[in-house]
Each structure stands twice: as structure tokens, then as C-alpha cells.
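Counting begins at 1 with the first residue of the sequence. Predicted model only: the values in this text are computed from it and were never measured.
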Amino acid sequence: MNTKEERLAVFGQLLDIMDELREKCPWDRKQTNESLRANTIEETYELCDAILRDDPDDIRKELGDLLLHIVFYARIGEEKGQFDIHDVCRSLCEKLIYRHPHVFGDARADSSRKVEQSWEQLKLKEKGGNRTVLEGVPAALPSLIKACRIQDKARNAGFDWEKREQVWDKIEEELNELKHEMAQMDADRTEAEFGDFLFSLVNAARLYRINPDTALERTNRKFIRRFNYLEARTLQQGRSLKDMTLAEMDALWNEAKQMEREPGVSDPLEPVTAI
């Protein structure tokens with residue numbers, strides 16, 4: 001691994017390159033916080049995708065792309081006389097030290113749960129910090145991730161089930177309410193109850209230490225690969241999906257599922273490109 005001196009040197013080189021780009025490149029020179037925002041979101045999702053694929057090379061590359069954006073925003077802030085990369089790093093260091101008194105102070109925390117609870121309590125005490133428990137949840141978060149953060153913060157404030165098994169009664173209650181509204185054909189109330197049902201499922205995932213976003217993405221990918229297999233096998237037969245009956249498609253779907261279970265068989269879920 002590289003030494004601390006080498007890491008600091010290459011970070012300095014990155015800052016120098018950003019200075020050059022900002023001064024000499026027409027595209028980089030015209031960028032603003034607003035123009036970069038959409039790209040930053042895209043880069044963040046690309047990093048998440050690389051992490052889900054557990055691809056070290058892509059993770060490294062996407063981390064670099066995201067780091068470029070951080071350096072870019074800091075340079076824009078410097079030009080406006082608001083802050084620079086030194087201020088960004090310094091404030092982060094101060095926050096990390098303050099929120100980890102069990103590491104940098106005399107406090108004790110013998111579990112990650114206690115660390116999380118302490119983190120939220122310290123955030124409420126910070127000058128200029130969150131005034132309420134849920135204030136720190138970004139409004140722009142995707143709904144599924146936002147539900148996770150809301151429930152995590154509520155838990156750290158002590159608002160949680162006494163036993164995780166209790167959540168299943170809540171899920172059943174929400175499901176029954178959803179079915180009732182569906183039967184009433186009330187679109188608005190059905191949507192509201194569907195949201196409550198999803199929220200209760202996210203709660204169950206949290207209690208059983210499952211990341212619901214990761215779990216759903218795993219199912220998305222599994223469905224895509226199986227459907228690609230189904231489509232490819234259909235084309236191999238000289239047919240199209242529109243010509244297939246549901247029973248025929250279901251048979252091919254089960255074929256893909258069965259092949260998954262057989263050891264030594266190449267992954268049948270990968271898209272078939274050679275027909």
C-alpha cells in the first residue's frame with residue numbers, strides 16, 4: 001500500500017489538476033454547483049452499482065469520479081470566497097472527533113448500536129445542527145432509502161418495537177387495510193395504504209438487518225437476467241414472446257430457475273447474446 005506521504009502527494013496533484021482545468025478548460029470553467037448536481041447523483045449511483053457487483057476496479061474508478069466532484073465543488077466554493085478543500089476536510093475532522101467520544105474522549109460504547117444512538121444525540125447538541133430527530137433526513141432521498149433513514153433515526157431516539165417479531169402483526173394489519181381499500185376502489189386511499197404497507201415491510205427489513213434497497217435491487221437483477229434468458233430461448237425457437245402462452249413462458253422461467261440450482265452449470269441468468 002502507498003505511504004501517507006504518497007497519498008498526500010497525489011491528492012495535492014489532484015488539486016493542482018483541478019486548478020488547471022478550472023482556468024484553462026472551457027467546459028470545466030463554465031460549471032456551477034447547479035450544473036454539476038445531476039452528474040454527481042449519477043456518479044453516486046454508478047458507485048453504488050459497482051459496489052453491488054463487488055467489482056474492485058470499478059469501485060476504485062467510481063470513487064475517483066465522485067472525488068473529482070467533491071474537489072470541484074470545493075474549488076467553486078473557494079472562487080466564491082465561501083470555503084476551500086481545507087475547510088471541507090477540517091470541518092469533517094472536527095465532526096468525526098466530536099461524534100466519536102468513545103474513540104477520542106472518555107466515553108464508552110461497546111456496540112455499534114450504542115455508537116449510532118450517541119451519534120444522533122450528539123447531532124442534536126451541535127451548534128447549528130438538527131433541531132429535531134428527523135430534520136437531518138434529506139428531502140431528495142429516494143423514497144425507499146428515505147424510509148430506512150427515518151426508521152433508523154426514530155430507533156436511535158428510542159422509538160422502536162420491544163421485540164422485532166411484533167412487526168409481523170403490523171404488516172398483517174397494513175395488508176388487511178390495503179386489501180380493504182382496494183375492494184372499495186378508492187385510488188387515493190389505496191395508494192396511501194400501499195405506502196403504509198411498504199413502510200412496514202421496510203421496518204421488518206431493518207429489524208432483521210436486511211437492507212431493503214439492496215434486497216430489491218438483487219431481485220430486480222434476478223428478474224432481468226431470468227427474463228433475458230426467457231426471451232433468448234424464445235428467439236432460439238424462432239418465436240417471439242407475443243407468440244408464447246403464459247404457460248410456455250412459465251416453463252422457460254422455471255427452466256432458468258432450475259439451472260441456477262445445478263452445480264457446475266454456467267450462470268443461465270446472464271443475457272444470451274448469441275442466438
Side-chain angles (χ1 to χ4, degrees), residues 1-52 57-101 103-105 115-116 118-150 152-153 156-157 213:
M1 301 297 286
N2 298 306
T3 65
K4 181 183 291 187
E5 290 74 17
E6 290 171 328
R7 283 177 274 173
L8 290 173
V10 76
F11 186 68
Q13 182 184 15
L14 173 60
L15 297 179
D16 290 339
I17 290 173
M18 173 51 63
D19 290 343
E20 290 284 307
L21 292 175
R22 191 65 174 171
E23 292 173 8
K24 301 176 181 179
C25 175
W27 186 90
D28 289 279
R29 193 164 53 238
K30 75 174 186 178
Q31 299 309 309
T32 65
N33 287 336
E34 292 74 21
S35 68
L36 288 172
R37 179 179 176 274
N39 288 337
T40 304
I41 295 172
E42 181 179 344
E43 296 294 353
T44 302
Y45 276 108
E46 289 178 358
L47 171 60
C48 292
D49 181 70
I51 291 172
L52 286 173
D57 287 337
D58 272 1
I59 291 174
R60 171 180 53 80
K61 294 174 184 176
E62 298 303 339
L63 281 171
D65 290 343
L66 196 55
L67 178 58
L68 171 62
H69 280 245
I70 294 171
V71 171
F72 215 143
Y73 287 118
R75 172 61 196 244
I76 293 173
E78 181 180 358
E79 293 170 0
K80 293 180 177 181
Q82 299 169 334
F83 59 85
D84 62 13
I85 193 66
H86 173 271
D87 299 320
V88 173
C89 293
R90 183 187 62 190
S91 63
L92 175 58
C93 290
E94 291 174 350
K95 180 170 67 176
L96 290 175
I97 292 171
Y98 174 74
R99 294 188 185 175
H100 291 81
V103 176
F104 302 104
V115 172
E116 291 173 357
S118 173
W119 183 279
E120 294 297 336
Q121 292 167 3
L122 289 168
K123 286 177 69 174
L124 291 174
K125 294 178 182 178
E126 289 177 5
K127 182 179 180 180
N130 299 329
R131 293 181 295 273
T132 65
V133 172
L134 300 181
E135 185 178 355
V137 179
L141 277 179
S143 297
L144 184 59
I145 299 175
K146 186 189 294 185
C148 296
R149 294 295 295 126
I150 289 171
D152 276 339
K153 285 182 173 291
N156 290 333
D213 186 68

### Task
Give the intermediate values and the outcome of side chain to side chain contact (heavy atoms under 4.5 Å, CB included) for residues Phe72 and Asp28.
CA-CA 9 Å; Phe72 215 143; Asp28 289 279; 3.4 Å; yes

### Task
Output, in order, the C-alpha distance, side-chain angles, deciding distance and verdict of side chain to side chain contact (heavy atoms under 4.5 Å, CB included) for Leu36 and Ile76.
CA-CA 11 Å; Leu36 288 172; Ile76 293 173; 3.9 Å; yes

### Message
Go through it in stages, so that I can follow the logic: the residues are Leu66 and Thr40, the test is side chain to side chain contact (heavy atoms under 4.5 Å, CB included), and I'd like the CA-CA distance, side-chain angles, deciding distance and then a yes or no.
### Response
CA-CA 7 Å; Leu66 196 55; Thr40 304; 4.3 Å; yes

### Task
List the steps, then state whether side chain to side chain contact (heavy atoms under 4.5 Å, CB included) holds for Glu94 with Tyr98.
CA-CA 6 Å; Glu94 291 174 350; Tyr98 174 74; over 6 Å; no

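More than 12 heavy-atom neighbours from other residues, nucleotides or ligands sit within 6.0 angstrom of CZ on Phe104.
Using a 4.0 Å cut-off between a side-chain N of Lys or Arg and a carboxylate O of Asp or Glu, Glu46 and Lys61 do not qualify as a salt bridge. Comment: Arg90 engages Asp87 in a salt bridge, judged by a side-chain N to carboxylate O separation of less than 4.0 angstrom.
A donor-acceptor pair is defined here as one N or O able to donate and one able to accept, closer than 3.5 Å; such a pair exists between the side chain of Arg22 and the backbone of Gln31. A donor-acceptor pair under 3.5 Å is absent between the side-chain atoms of Glu23 and the main chain of Glu20, judged by distance alone. Side chain of Lys146 to main chain of Ala139: a donor-acceptor pair is present (N/O by atom type, distance under 3.5 Å, no hydrogens or angles).
Here the NZ-CG distance, from Lys153 to Asn156, works out to 8.0 Å after rounding to the nearest 0.5 Å. Atoms CZ and CD1, from Phe11 and Ile85 in turn, are 4.5 Å apart once rounded to the nearest 0.5 Å. Between the CD1 atom of Ile70 and the SG atom of Cys89 there is a distance of 9.0 Å, given to the nearest 0.5 Å. Asp65 CG to Thr44 OG1: the interatomic distance, rounded to the nearest 0.5 Å, is 10.5 Å. Note that the CZ atom of Arg75 and the CG atom of Asp19 stand 4.5 Å from one another [nearest 0.5 Å]. For the atom pair Leu15 CG and Glu78 CD, the distance stands at 9.0 Å (nearest 0.5 Å).
For the pair Arg7 and Val10, the tightest heavy-atom approach, listed with the atom from each and the gap, is O-CG1, 3.3 Å.
Counting heavy atoms from C-beta on, the side chains of Tyr45 and Ile41 come closer than 4.5 Å. Asn33 places a side-chain heavy atom less than 4.5 Å from the side chain of Lys80. Using a 4.5 Å heavy-atom cutoff, the side chains of Leu68 and Met18 are in contact.
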